[in-house]
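The sequence lines fix the lettering, A, B, ..., with proteins before strands; numbering per chain opens at 1. These figures come from a predicted structure and were not determined experimentally.
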2 protein chains.
Amino acid sequence: MKLSTKGRYGLTAMFDLAINYGRGPIPLKSIADRQNISEHYLEQLIMILRKAGLVKSVRGAQGGYMLAKKPSEITVGDVLRALEGPIGLVDCVLEQDPVECDKAENCIMRLVWEKIRDSIIQAVDSITLQDMCDEAEKRKASQESYMYYI
Amino acid sequence: MKLSTKGRYGLTAMFDLAINYGRGPIPLKSIADRQNISEHYLEQLIMILRKAGLVKSVRGAQGGYMLAKKPSEITVGDVLRALEGPIGLVDCVLEQDPVECDKAENCIMRLVWEKIRDSIIQAVDSITLQDMCDEAEKRKASQESYMYYI
DNA sequence: CAGAAAACCAACTAAAACGATAGGAATTAA
DNA sequence: TTAATTCCTATCGTTTTAGTTGGTTTTCTG
């Protein structure tokens, strides 16, 4: 029941972009360095995020990536869905294209998986990148030595 | 972010045992047949559940397995924890023995993972095997042709 | 007492997923 | 023109998953 590094690294990168929102395109290398992630691997992840419309890119020198929307308009759920696929611990209750199960309507197990899925959805959709930035600001204010993102 | 078959098959088997609670030891073969799971594979899973104290066994002919506690005293969370390990989508926020993270206290990501973890915990700990049996009974009452468990 | 039913146990394995790495082509600012 | 940067495709070693194989031991029943 673990997230892969896709989800972890991807959200980390998105948070980095959110912190740097409004400062023009951010080169991937700088994100990779700050967050200590392989640049080449991160590249694959950000490509997915770009295709999902969460990030836009500027090619060439001085290029980089930036959020495609305001941090307040991107939720943790948006990012995780893009990278990890539709939410749901079990295929038969995925948000999108659930795998049909012959036993179908009267499945008690299904109720359980749905309840868990819904509680995850509720959590991930209730947190925006802006919320995370706000929290970072709050901590920055209350502490001398501070590390932005991790 | 998927459950492995351990969690799925394991909960299915536990539900089967809950439905048959009070009827003496249930041979694994009958569970495997009803639920259409490889008997040998299920054997490995039920061993884990036994070691976790959720199931007890009776050896020899006419032997089998039964719940070690009343269905009302076993939650979905108990079963999933035994089979899938401590709950948490990310190692640094596992319920048990979270992996230390150097960046530590000021990690904003951590807040996110904790919130998701807690919502999953809330969901899985709020459902008991008895709840599932009750739901099965309710459906049985309201329908002619009924399939117990799946 | 023999035989069958069942739990118990250890080792192996094919396939998939994971977490990258390698190497280059295309684009663009300076 | 050159350096910075995105974009793209392929490959690869390791780990995990989802079993399978082949037994041993225990215990009920006839």
Side-chain angles (χ1 to χ4, degrees), chain A residues 1-13 16-17 20 23-68 80 83-85 89-91 99, chain B residues 1-13 16-17 20 23-68 80 83-85 89-91 99:
Chain A
M1 208 203 310
K2 291 280 164 33
L3 226 54
S4 70
T5 54
K6 279 188 190 175
R8 285 200 287 124
Y9 292 173
L11 186 59
T12 300
D16 193 304
L17 288 178
N20 289 295
R23 297 186 196 166
I26 309 294
L28 201 60
K29 175 148 180 36
S30 75
I31 303 178
D33 287 349
R34 271 194 295 276
Q35 309 302 341
N36 203 38
I37 302 172
S38 146
E39 185 188 348
H40 248 46
Y41 186 46
L42 193 53
E43 192 179 290
Q44 292 171 43
L45 307 186
I46 206 129
M47 238 19 117
I48 297 171
L49 292 166
R50 186 173 62 82
K51 280 165 189 162
L54 296 174
V55 148
K56 54 187 179 184
S57 63
V58 176
R59 298 190 68 169
Q62 264 56 272
Y65 295 91
M66 51 188 118
L67 296 185
L80 294 185
L83 292 164
E84 303 270 343
L89 291 187
V90 165
D91 282 340
V99 172
Chain B
M1 209 202 317
K2 290 279 163 35
L3 226 54
S4 70
T5 54
K6 278 189 190 174
R8 284 200 289 125
Y9 292 174
L11 186 60
T12 301
D16 192 302
L17 288 177
N20 289 295
R23 296 185 196 167
I26 309 294
L28 200 61
K29 174 146 180 38
S30 75
I31 302 178
D33 287 350
R34 271 194 295 277
Q35 309 302 343
N36 203 38
I37 302 172
S38 148
E39 186 188 349
H40 252 45
Y41 185 47
L42 193 52
E43 194 179 289
Q44 294 172 42
L45 307 186
I46 206 132
M47 242 13 119
I48 297 171
L49 293 167
R50 186 172 62 80
K51 280 165 189 163
L54 296 173
V55 149
K56 55 188 180 183
S57 63
V58 176
R59 299 190 66 167
Q62 265 54 274
Y65 294 90
M66 51 187 116
L67 296 184
L80 294 187
L83 293 165
E84 304 269 343
L89 291 187
V90 165
D91 282 341
V99 173

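- Partners of B/P25 according to the side-chain contact (heavy atoms from CB on, under 4.5 Å) rule, which considers only residues two or more places apart in sequence or in another chain, are B/V58, B/M66.
- If you measure from atom CD of A/Q35 to atom P of C/dA20, you get 15 Å, rounded to the nearest angstrom.
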In a table with atom names and distances, give each donor-acceptor pair under 3.5 Å that connects a side chain of residues 1-9 of chain A to protein atoms at least two apart or in another chain.
| unit_1 | atom_1 | unit_2 | atom_2 | d |
| --- | --- | --- | --- | --- |
| A/S4 | OG | A/K6 | N | 3.2 |
| A/S4 | OG | A/E84 | OE2 | 2.8 |
| A/T5 | OG1 | A/Y41 | OH | 3.0 |

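- Protein atom OH of A/Y41 is 16 Å distant from nucleotide atom C1' of D/dA10, rounded to whole Å.
- Distance B/L49 CG to C/dA7 C1': 15 Å, rounded to the nearest Å.
- Atom pair A/L42:CG and C/dT21:P shows a separation of 12 Å (rounding to whole Å applied).
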Pairwise N/O distances under 3.5 Å, protein to nucleotides 28-30 of chain D:
| unit_1 | atom_1 | unit_2 | atom_2 | d |
| --- | --- | --- | --- | --- |
| D/dC28 | O4' | B/A61 | O | 3.4 |

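- Residue A/L28 is classed as a sugar-phosphate contact, given heavy-atom separations below 4.0 Å to backbone atoms only.
- In this structure, B/E39 and A/Y65 both approach DNA chain D, and ranking their closest nucleotides by distance from the 5' end singles out A/Y65.
- Under the side chain to side chain donor-acceptor pair (under 3.5 Å) criterion, A/D91 pairs with no residue at all, not counting sequence neighbours.
- Rounding to whole angstrom units, CG of residue A/L83 and P of C/dG19 are separated by 12 Å.
- Legend: residues meeting side chain to side chain donor-acceptor pair (under 3.5 Å) with A/K56, ordered by chain and number and at least two apart, are absent.
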When every nucleotide of nucleotides 9-14 of chain C is labelled 5' to 3' by its protein contacts under 4.0 Å (heavy atoms), B for base, S for sugar-phosphate only, - for none, what sequence of letters results?
B-B---
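- With DNA chain C read from its 5' end, the first of the two nearest nucleotides for A/S4 and B/G63 is the one closest to B/G63.
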